[in-house]
Student: 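Pasting in a structure now, in structure tokens, and then I'll have a few things to ask.
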Amino acid sequence: MTNQEANEIILNIRNLKVRYETQDGIVKAVNGVDLTLRKKRTLGLVGETGAGKTTTALAIMRLVPNPPGVVECDKLEIGGQDILSLPEHKLEHVRGNDVSMIFQDPMTALNPVFTVGDQIAESLEIHEHLSVKDAKERAGDMLELVGIPRERANEYPHQFSGGMKQRVVIAIALACNPQLLLADEPTTALDVTIQAQVLELMNELKEKYDTSMIMITHDLGCVAEVCDEVAVMYAGRIVEEGTLEDVFNRTMHPYTEGLFNSLPNIKDRKAKLKPIKGLMPDPTNLPVGCSFAPRCNYATDACLIAQPQLRSISQTHRIACTAYDNPEFHIERRIL
Amino acid sequence: MSETLLDVRNLKKYFKTSRGLLHAVDDISFSLDRNKTLGLVGESGCGKTTTGRAVLRLIEPTSGEILFEGKDICKLSANEMRKQRKDMQIIFQDPFSSLDPKKTINQIISEPISENKIIRDKRKREDRVLELMETVGLAERLINTYPHELDGGRRQRIGIARALAMEPKLIVCDEPVSALDVSIQAQILNLLKELQEKMGLTYIFITHDLSVVNHFSDEIMIMYLGQIVEKAPTEELFTNPIHPYTKALLSAIPIPSLSEKRQRISLKGEITSPINLPDECRFAPRCYECVDHCRSGIPPLVEVNPGHFVACFEHV
């Protein structure tokens, strides 16, 4: 990698581990995640409930509550700056400024007793040291940017609909022009037509501000619309990652295959759904071998013994699956 | 026995609010044949859940007729209705809040059986519970567990077993898979389909997810602000959508495929308030094909092709 390229890296995580030490045992939420994200790129972090997607995002923001959460990591850099060693008061400067987060539920992410204008202005006052008046002015600009008339800055969150609230949350997140945006299921709580509007808006703003983004979602349709790269998580590990084309058209991991096969095919309504059998393993008691092996149709004895490591298939495509030790092995997924 | 199981005529449900009359369901009529699935699709606030509940009289309709096997259930007394409900059950959206946390699975599933005095003997009742659990794929050992000990998919199976306990003819499924992960969602959808084939069930399937409804339903009814805008057999609706709202909805579905690059129809604005609605096409304020006469009244639902109904001035 040349220096030029290295400069372009916005997010660099090596061996991120997060566990929650609870009374009922140690919940291993994230178990050794490596992520690299370049400038202007959007990564889709995909997986089901409990895969560790949100915990990964919280760890990037250093927002994992301790106790019970314990974060271990070899490296965590945002824009070349080491986040791990920063003291709390310096983190305040990073959050909202270098990296900000869009939360899943716009209904609870906003403070009900402040006007939306004040909530957008707040981060501008803190990070950009704008006067109250200037911050208000900029808050109005931000609202217009996300498609809300600036006169509505003096209204309270309850006066907005769900889609509108999510726009306000996006305005807050983008107010200080962060290098990295973490969007945690930003459209899950919205109706399809509103979801389409919000996804379109996010695509536009990303272009305009050169922001890098991690989009956490369980919806592969949204990933296809927004992302350049995809990382599929299962039980706290990345099992497959690559470009959108790698993961969607050259699917290799049996879990990714299972996810696609569980989705109804809009082209062929008679096709029977092929769900993944069984359930996600208990995160307090993960299997010794591959976490997906108990649900995997291709699992062999070798899968039960050791945790597979991510291996490179091509320059962009990596998977963690023991079955590929056999050079003959392949899965057959119908491409939608 | 006639083929038609359910015939809903001019169903209305208005709610009184401090700001005026909220038209949740505004004069809809449809019928449903035995062993078929009707998908009820629309965005939040379009009245699909209210329709589902009004059909079962879980909320009292403001006016209209609901003919179940030819009998108007709106005219039944509370006692008669109670008996009637054995034939009509519901599966709720949220498997986390629709089960009593203080009851075991055994108690939850056997409650309708004992309440309706179907099986009086406790031992036999438990046998029936076990049989139902097996039908929906719940392991026998779970019979004395509580809902909080189980994951969402298993909880939804309990909800299904509870609905099946009365051997109903009609089940209203209100977003039964929306709260579940995709891999679990597929398990539940397959289960509902198997049960339909095996027991000859009729479903009203309420959802906002068009790819699920496409897979699952025989016929689809699209609602907007309490009214039906389009109703057609599934294939016909997806290949030949006519109403501008239907077209916009279909174009908004994110498809998990890279080969599919579609022209998206972006809708302006959001669903308008359902309170004190004017006498014009409900969709007109957001419609991209709206012309003057769209504001002249409410468009009637007209059959354009066999079985394909559309309510739009411009396209009919």
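What you see is a predicted model, and the numbers here were worked out from it, not measured in a lab. Residue numbering restarts at 1 for every chain, and letters A, B, ... go by the order of the sequence lines.
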Student: Based on non-hydrogen pairs under 4.5 Å, which of B:Val182, B:Leu210, B:Asn214 is most in contact with chain A?
Tutor: B:Asn214

Student: Please rank B:Ser266, B:Gly42, B:Ser44 by heavy-atom pairs under 4.5 Å with chain A and give me the top one.
Tutor: B:Ser44

Student: Could A:Arg152 and A:Glu144 be called an ion pair, given the rule that one side-chain N must be under 4.0 Å from one carboxylate O?
Tutor: no

Student: Taking the six-membered ring for Trp, are A:Tyr156 and A:His158 parallel (under 30°), tilted (30 to 60°) or perpendicular (over 60°)?
Tutor: parallel

Student: Side chain, backbone, both or neither: which part of B:Leu267 has a heavy atom under 4.5 Å from chain A?
Tutor: both

Student: Can you confirm whether the side chains of B:Thr37 and B:Gln196 place a donor and an acceptor under 3.5 Å from each other?
Tutor: yes

Student: Identify which part of A:Glu245 has an atom lying under 4.5 Å from any heavy atom of chain B, answering side chain, backbone, both or neither.
Tutor: both

Student: Quick check on A:Met164 against chain B: is it the side chain, the backbone, both or neither that has a heavy atom closer than 4.5 Å?
Tutor: both

Student: Would you mind checking if A:Asp246 and A:Arg318 are paired as a salt bridge, meaning a charged N to carboxylate O distance below 4.0 Å?
Tutor: no

Student: Among B:Arg154, B:Gln187, B:Gln185, single out the residue with the greatest number of heavy-atom pairs under 4.5 Å to chain A.
Tutor: B:Gln187

Student: With a 4.0 Å cut-off on N to O distance, would you call A:Glu229 and A:Arg41 a salt bridge?
Tutor: yes

Student: Which one, A:Leu199, A:Leu220, A:Thr193, leads in non-hydrogen pairs under 4.5 Å with chain B?
Tutor: A:Thr193

Student: Taking atom types as modelled, is there a side-chain donor on A:Thr22 or A:Asp24 under 3.5 Å from an acceptor on the other?
Tutor: no

Student: Counting heavy-atom pairs under 4.5 Å to chain B, which of A:Leu259, A:Leu244, A:Asp219 comes out on top?
Tutor: A:Leu244

Student: Any salt bridge linking A:Glu257 with A:Arg250? Criterion: basic side-chain nitrogen under 4.0 Å from a carboxylate oxygen.
Tutor: no

Student: Which atoms of B:Ser217 come close to chain A, meaning under 4.5 Å heavy atom to heavy atom: side chain ones, backbone ones, both, or neither?
Tutor: backbone

Student: Given that the side chain runs from C-beta out, which part of A:Val192 has a heavy atom under 4.5 Å from chain B: side chain, backbone, both or neither?
Tutor: both

Student: Do the charged groups of B:Asp174 and B:Arg53 touch, with an N to O distance under 4.0 Å?
Tutor: yes

Student: Name the region of A:Gln197, side chain, backbone, both or neither, that has any atom closer than 4.5 Å to a heavy atom of chain B.
Tutor: side chain

